[in-house]
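Both ligands and their constituent atoms are indexed starting at 1 by order of listing. Throughout, residue positions are numbered sequentially from 1 according to the sequence presented. Everything quoted here is computed from the prediction, not taken from an experiment.
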Amino acid sequence: MPDTPLAPGSTIGILGGGQLGRMLAMAAARLGLKTHIYCPDTDCTAAQVADAATFAGYEDEDALAAFAAAVDVVTYEFENVPMATATLLAQDVPVRPGAKALGVSQDRLTEKNFLRGLGIDTAPFADVANLQDLEQAIATIGCPAILKTRRLGYDGKGQARINAPGDAQAAWNAVASQPSILEGFVDFEAEISVIVARATDGTVAAYDPARNAHANHILSVSAVPSGFAASVEARARALAEQVVAELDYVGVMGVEMFVRPGSNDLVVNEFAPRVHNSGHWTIEACVISQFEQHMRAVAGWPLGSPHRHSDAEMTNLIGDDVNDWHRLAAIPGNGLHLYGKGDARPGRKMGHVTRLSPRR
Ligand code: AMP
């Protein structure tokens, strides 16, 4: 693939139409780059702010061919883009990040084996294809443990907690007998994540690690600085940089890790081959946000500095939280983001708010 940077005025195609696509499109606009959203949902939030949109299924080969012809590069805002879709598009136009990152991150078993192959610590895990495997895995790994479907799980979906061996059948039913992995429970002090970018020339830039808190399996708050020792933060950054280098990655990735109590070592939970909710604070706290960084990387541009000029705390507005928009808007200094979604269903990410404070 030629690595010539795309000139301003070029068009970046984005598969997926959620809030991540929306914020990517807004960041592209700052650089004079156009965006074209491809999404099955005519009511998608990203298309509201993009230059063009195609509303079609990910299996619609005619629509994909027309999309490929209309854009200069393709990226995606969710990791479950069907591999066949990415492969088809890649015949006509560069797809960044590439197929390797997509393939590895779509399957928890492949992802864990990939990480272990790099010498990176993960939770203990075992491949579970049937109930018998699960019972065997519980005997080996012990309890508590978490059964997770290999594919298509997010925000706690496709997961079942196992507290005792007798929970095996119920957990297997809960994941609908899908191919899964059993993961030993990691006793962690906190979850941190690193947003890292890699350019077409191999340059890498990692943002400061964020400390993340969840509620009901959904990210609630991300805070920087993480509060962990510089050595822990340096290790977190190094792990994220190792993962993108190994995948010959182009774009932004979010890498989630657990910090064990009293330990400097980190356990990698998973990585997402896309911009990440725990990096939204970069919009206000850095000159170059994760969204602009991703647009720069996939367009073959130089990366911007990931330097953080302020401390920040990002809080998601989930479901009804968004009804508080007027009060939040009235607080001076709040960076309020509303995603333009219609229906504030429980668990739906409707917006977020970022508060800055002077860097400590
Ligand atoms: P995941 O879908 O893998 O991102 O998991 C969602 C959340 O569940 C994580 O952010 C953790 O808070 C928790 N979790 C997942 N896997 C483990 C594990 N092996 N041990 C402890 N907590 C976990």
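- Every residue two or more places apart in sequence or in another chain that forms a side-chain contact (heavy atoms from CB on, under 4.5 Å) with Glu183 is listed here: Lys112, Ala123, Phe125, Lys148, Ile181, Asn269.
- Atoms of ligand 1 found under 4.0 Å from any heavy atom of His214, numbered from 1 in the order shown, are 10 (O).
- The atoms of ligand 1 that sit less than 4.0 Å from any heavy atom of Val186 are 18 (C), 19 (N), 20 (N), 21 (C).
- With no hydrogens or angles considered, no side-chain donor-acceptor pair links His217 and Gln159 at under 3.5 Å.
- Near Glu256, the atoms of ligand 1 lying under 4.0 angstrom from a non-hydrogen atom of the residue are 4 (O).
- The closest non-hydrogen atom to atom 19 (N) of ligand 1, taken over Glu111, Lys148, Glu183, Met257, comes from Glu183.
- Salt bridge annotation for Arg348-Asp343: absent, with no cationic side-chain nitrogen under 4.0 angstrom from a carboxylate oxygen.
- Taking every heavy atom of Arg108 and a limit of under 4.0 angstrom, the matching atoms of ligand 1 come to 2 (O), 3 (O).
- Annotation: Tyr58 is not in aromatic contact with Phe67 [ring centroid separation under 6.0 Å not met].
- Polar contact with ligand 1: present for Glu270 (N/O pair, distance under 3.5 Å).
- Of the N or O atoms in Phe185, none lie within a sub-3.5 Å distance of an N or O in ligand 1.
- Residue-environment remark: NZ (Lys34) stays at or below the threshold of 12 foreign heavy atoms within 6.0 Å.
- Between Asp208 and Arg237 there is a salt bridge, since a side-chain N of the basic residue sits under 4.0 Å from a carboxylate O of the acidic one.
- Through direct or indirect side-chain contacts shorter than 4.5 Å among Ile, Leu, Val, Met, Phe, Trp and Tyr, Met26 is connected to Val49.
- Using a non-hydrogen distance threshold of 4.0 Å, Ala145 does not register as a contact of ligand 1.
- Only side-chain heavy atoms of Ile146 come within less than 4.0 Å of ligand 1; its backbone N, CA, C and O stay farther off.
- Below 4.0 Å from some heavy atom of Gln159 lie the following atoms of ligand 1, by number and element: 1 (P), 2 (O), 3 (O), 5 (O).
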